[in-house]
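Counting starts at 1 for both ligands and their atoms, following the listed order.
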Amino acid sequence: SEKLQVPEALTFDDVLLRPKESRVEPDEADVSTRVSKNVELNAPVLSAAMDTVTESDLAIALAREGGLGVLHQNMDAEEMAAEIERVKRADELVIRREDVVTARPEQTISDVDAMMAHEGVSGAPVVDDDDEVLGIISNTDIRPYLGVNEDDLVEEAMTDEVITAGPDVEAREALDLMYDHKVERIPIVEDGKLDGLVTMQSILERREHDDAARDENGELVVGVAVGPFDVERAETADEAGADVVFIDCAHAHNLNVIDSAREIRETIDADVVVGNVGTKEAAEEVVDFADGIKVGIGPGSICTTRVVTGAGMPQITAVAEVADVAAEYDVPVIADGGIRYSGDAAKAIAAGADAVMLGSYFAGTDEAPGRVITVDGKKYKQYRGMGSVGAMQSGGGERYLKEEQEDEEFVPEGVEAATPYKGSVASELHQLVGGIQSGMGYVGAETIPAYKERAEFVRVSQAGQTEGHPHDVMITDEAPNYSPQ
Ligand code: RVP
């Protein structure tokens, strides 16, 4: 039957990168990329919008390493806005007025000491009723050996010659002021009132992350998932400062979803990434308005879409098909799901993706939500599909729900699972990005665009695949980037 004259579709284990002539040293390979038309990253890595993967903690950690966290949508709109703001403000140079811990001149030393300990700060501007800065009190001002007593008043112990700056102060300038005057914090004053605070600690912390992915104001970038029909939520996310809004849909070739995505694109300022798709036909429908296209129908580690529905596309073919279409319009492509090893990420990018999105890889990190559980002496963290019964019952399964679904009898497309506990996002990302860079070295590509252009694949047999993993040995020491599946 003609029906069965079918094309072949390939995934990660079916292919390998053909090694090529190279002068590229892996650690010199430039992994900066675009995730959408207007958002650049310094590492081509996104964390999945799943309720066991990305909340603000992970988004902050990942953006500090150059990638992008995509907040999940299993929370109400207000909470989502607060989470976005937490990421945007995490590395802020100027702490905003409402977040600055202040002291009052008539407070006692013991009182202010307890307050600073409680708030976790080591100093505070002292303000009067009009919010005018009268001085600064810090831990060093209230040491008992300075002759300060518990019942003394703040105004007696504070430093009253305060170095201040205006709201437009830059990091370099603030640091110079701090060194010149031997102070660690500079109140920002506007129209005679306290307007914020710059601390030495925040400047030095920022410096530690000079590869962080930042917006044009120097704040960390953040993405957020919204349901395909939730225009209002997309607007809330936009207003809260999200850089990229991800239309979170398991099948974005649904024309109702595309209509709605188009409306969202027209309504908000943030970039809009449309997904997931898995074919060139779907890509053609969205490529004229999407700021990025996300690819993945069924490759996810916790995903049962292919088993439950019989539909799906092996991921390497899906990425390559979509990338061919997207390249003509210069729209970035994100390969989402199925990445187990850094080599899979390297292959996804070689096939045409500008960046990769991972769920299970990050679900085991410290920064992912959820606690560590121990089974037979091994540590794990919970990881579940957003189309699993658990995630859908707690409201996050919008991605998999029908538009008007109200009954509780879900047809799940995901499972609830556990994934090995791993440590910090920073160390995981170091392995992942290092593997991608080494892949670029093997192919002789200095940049991601060059890599996509230059990479060629070979087809691998089952025997070839066996050969590629450690074989005929007993592994005695676990490698940080390999564990047998
Ligand atoms: P993985 O990295 O293989 O764990 O895959 C993560 C991806 O799986 C997510 O980014 C999402 O596209 C997909 N996903 C999330 N939930 C489900 C599901 O319940 N089927 N699938």
*Relative to ligand 1, is Y361 under 4.0 angstrom through side chain, backbone, both or neither, heavy atoms considered?*
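Neither; no heavy atom under 4.0 Å.
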
*Can you tell which part of M50 has a heavy atom less than 4.0 Å from ligand 1: side chain, backbone, both or neither?*
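Side chain only.
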
Would you mind running through ligand 1 and noting each atom that sits below 4.0 Å from a heavy atom of [X]?
X: G337; value: 3 (O), 5 (O)
X: A48; value: 9 (C), 10 (O)
X: S360; value: 1 (P), 2 (O), 4 (O)
X: G387; value: 18 (C), 19 (O)
X: N276; value: 12 (O)
X: Y383; value: 1 (P), 4 (O), 5 (O), 6 (C)
X: G300; value: 3 (O), 5 (O), 8 (O)
X: M357; value: 10 (O)

Any carboxylate oxygen within less than 4.0 angstrom of a Lys/Arg side-chain nitrogen, looking at [X] and [Y]?
X: E8; Y: R459; answer: yes
X: D91; Y: R206; answer: no
X: R340; Y: D13; answer: yes

Can you confirm, on distance only, whether ligand 1 has an N/O atom lying under 3.5 Å from any N/O atom belonging to [X]?
X: G359; result: yes
X: P299; result: no
X: D336; result: yes
X: T304; result: no

_With rounding to the nearest 0.5 angstrom, report the CD1 to CG distance, I264 to D238._
10.5 Å

*Between D271 and S36, do the side chains contain an N or O donor and an N or O acceptor separated by less than 3.5 Å?*
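Looking only at side-chain atoms, S36 and D271 do form a donor-acceptor pair, the distance falling under 3.5 Å.
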
*Minimum heavy-atom distance S47-F362, with the two atoms named*: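 In terms of heavy atoms, the two residues are closest at CB-CD1, 3.8 Å.
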
Validation: residues 15-29 side-chain donor-acceptor distances under 3.5 Å, sequence neighbours left out:
| unit_1 | atom_1 | unit_2 | atom_2 | d |
| --- | --- | --- | --- | --- |
| K20 | NZ | R454 | O | 2.7 |
| K20 | NZ | E456 | OE2 | 2.9 |
| S22 | OG | V24 | N | 3.0 |
| S22 | OG | G441 | O | 2.8 |

*Scan V35, L358, I339 and name whichever one has a side-chain contact (heavy atoms from CB on, under 4.5 Å) with V45.*
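Only match with V45 under side-chain contact (heavy atoms from CB on, under 4.5 Å): L358.
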
*Can you find a non-hydrogen atom of G296 under 4.0 Å from ligand 1?*
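Checking ligand 1 against G296, which is what was asked, there is no heavy-atom contact under 4.0 Å.
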
*Is the ring centre of Y341 less than 6.0 Å from the ring centre of H469?*
yes

_Within 45° cone and under 6.0 Å: K422 NZ/CZ vs Y380 ring_ = no

